[in-house]
Structures are given as structure tokens and as C-alpha cells.
Amino acid sequence: MPTIHRLAYRLLGDAFEAEDVCQETFVKFWQAASGWRSGEAKVLTWLCRVATHDCYDRLRRKRPDLPGDLSDRADDRMGAETGMARSQRWDALQAAMMRLPERQRAALSFCYDHALSQREAAKAMNIGEKAYESLLVRGRRTLKTMMQEDDHV
Amino acid sequence: MSDFSTRDGHDNLEGLFAHSRVPAPSANLTARVVTAAMAEPRPQGANDRRLIVWSAVAGLAATLVAGILFFANQPNEAELWAAQADAAGFGDLYEWVGAGTQ
């Protein structure tokens with residue numbers, strides 16, 4: 001549960017909404033459990049996939065302006081918040097994470113919060129390992145730029 | 001000022017994530033999830049033997065978890081899920097809980 005909650009928090013930036021994601025994810029797991037076949041997928045990978053897509057859906061509902069394929073555009077809305085407001089709600093890393101595109105945010109969380117191996121993280125995101133690595137490279141670069149910019153504010 | 005610019009970005013991200021503040025889930029989240037799960041319709045797969053076990057013990061498991069929550073000030077999540085899994089006959093399925101919450 002803490003793994004799913006942390007992942008959802010990284011993606012949504014809201015601890016209470018992350019709990020809602022946990023609830024929905026585990027209820028779906030509960031419902032799917034009777035049909036589970038061992039060897040089909042690791043349970044944690046399955047849970048992370050469901051949670052990630054739930055988070056994407058929630059972010060999509062908040063940002064209907066973005067194209068349906070999950071854009072790589074940075075989240076300007078989050079950047080519009082004042083530095084003080086952001087620092088009260090999030091620490092510096094999370095504030096920068098919230099300005100990253102959703103998929104980069106997810107890739108970085110999988111990698112640095114050590115939720116899953118690279119292969120499993122790619123599975124959870126429904127992408128290939130190469131695409132996952134690419135998201136990580138772009139995410140690291142963008143995150144570094146954002147945090148360096150914040151240092152100079 | 002973050003220390004991001006003073007060290008290599010990749011290595012430093014490990015430290016930043018490790019020290020980043022992430023709120024802990026509410027103490028009652030597990031109970032809330034169990035309650036929500038029990039309120040849902042029965043899972044699909046009527047011919048699956050595990051479903052029969054699942055359905056038969058669901059109420060017992062819910063009672064068990066509620067009892068643990070009642071007696072424990074700080075319920076151990078892994079123990080809760082393990083107890084739930086044992087009661088429901090889904091131990092293998094919940095093995096990840098131990099690894100994921102240590």
C-alpha cells in the first residue's frame with residue numbers, strides 16, 4: 001500500500017487523492033483476484049499499472065486541454081503557483097516533479113522511489129524498455145533544469 | 001537552495017528522492033480499502049474454486065481485520081494483509097505485501 005500511495009502522490013501531488021487511488025486500485029485487485037493466474041504478471045506490477053492509469057485519468061480530467069495521448073508538455077499550471085504556496089504544499093523536488101509531463105513523472109518515480117525494476121516499470125507504464133529509458137533521460141534533464149531555475153528565484 | 005547543481009544530476013537524484021517529503025497514508029487507509037472491497041459485488045469467475053473460498057470467508061476476513069484494527073493502536077499493515085490473505089486462502093497473491101512494506 002505505501003508503494004502505491006507514494007507513486008500516486010508523486011503523480012498527483014495530493015496525499016488525499018493518492019489515498020483514493022489506493023482504494024480504487026486495491027478494490028480492482030480484489031475483484032480480479034479470483035481470476036488470477038500465477039505467472040501472468042507480478043502483482044505489484046499489476047497494481048502499479050492500474051494506479052498509474054488511474055492517476056493519468058485523474059490528471060486528464062483536470063487538464064482536458066492536453067491531447068489524449070498524454071503530452072510531453074510541461075505542466076504550466078503547476079508552475080503558475082507562487083513559490084511560497086508550492087513550498088508549503090510540496091518540497092522542492094515534488095514541486096519540480098509536478099511541473100514535469102505525466103509520463104516523465106511516472107518514470108522518475110518508478111526509478112528513484114524503487115517501486116519496480118526497469119523491466120517491470122516499463123510494463124506498468126505499458127511501454128517498451130527503450131521508451132522507458134528515454135522518458136527517464138528526458139525527465140532527469142527537465143527536472144535538473146527546473147530545480148536549477150528554482151535555485152535562482 | 002537544493003544541492004542539485006553541486007553534484008552529478010543522476011546520482012544526486014537518488015538522494016533527493018530519498019529525502020523528499022512524502023506524506024504517509026492515513027492510519028485507517030487499509031481499513032477503508034477493506035471496507036470498500038467488501039462492499040463491492042462478488043468477483044467474476046463463478047467456476048473458479050478460489051472464488052468459492054473467497055466468497056465464503058470474505059465476511060470472516062472483514063471481521064478479523066476489524067478486530068485487529070480495534071485492538072491495535074498502530075495496526076501493522078503487512079500483518080493485516082497477511083491475515084486477510086490467510087483467511088481468504090490467497091496467501092501467494094499477497095506475498096508482495098511483505099516485500100512492499102518492509
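Remember, it's a predicted structure, so these values are computed and weren't measured experimentally. Chain letters run A, B, ... following the sequence lines, proteins first and then strands; every chain starts at 1.
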Does A:Cys48 offer a backbone N or O that forms a donor-acceptor pair with the side chain of A:Thr52 under 3.5 Å? yes
Any donor-acceptor N/O pair, A:Ser134 side chain to A:Lys130 backbone, under 3.5 Å: no
Sequence neighbours excluded, the answer for ring pair (Phe, Tyr, Trp, His ring centres under 6.0 Å) partners of B:Phe17 is A:Tyr112
Only pairs under 3.5 Å count here: list side-chain donor-acceptor contacts from residues 18-26 of chain A, not counting sequence neighbours, and write none if there are none.
from	atom 1	to	atom 2	distance (Å)
A:Glu19	OE1	B:Ser26	OG	3.1
A:Glu19	OE1	B:Arg32	NH1	3.4
A:Glu19	OE2	B:Ser26	N	2.6
A:Glu19	OE2	B:Ser26	OG	2.6
A:Asp20	OD1	B:Arg32	NH2	2.4
A:Gln23	OE1	B:Arg32	NE	2.5
A:Gln23	OE1	B:Arg32	NH2	3.2
A:Glu24	OE2	A:Arg58	NH2	3.0
A:Thr25	OG1	A:Val21	O	2.8

Counting only non-hydrogen atoms closer than 4.5 Å, does B:Ala24 touch chain A with its backbone (N, CA, C, O), its side chain (CB onward), both, or neither? backbone
Heavy-atom contacts under 4.5 Å, residues 117-127 of chain A to chain B: none
A:Leu108 versus chain B, heavy atoms under 4.5 Å apart: side chain, backbone, both or neither? both
Heavy-atom distance under 4.5 Å to chain B: side chain of A:Arg10, backbone, both or neither? side chain
Among A:His5, A:Arg6, A:Gln94, A:His114, who wins on heavy-atom pairs under 4.5 Å with chain B? A:His5
Closest approach of A:Val27 to B:Ala36 (non-hydrogen atoms, all atoms of both residues): CG2-CB, 3.9 Å
All ring pair (Phe, Tyr, Trp, His ring centres under 6.0 Å) counterparts of A:His53, not counting sequence neighbours: A:Tyr56
Could you tell me whether the side chain of A:Met98 reaches within less than 4.5 Å of the side chain of A:Arg105, counting heavy atoms only? yes
Minimal heavy-atom distance between A:Glu102 and A:Leu11, with the atoms involved, is O-CD2, 3.7 Å
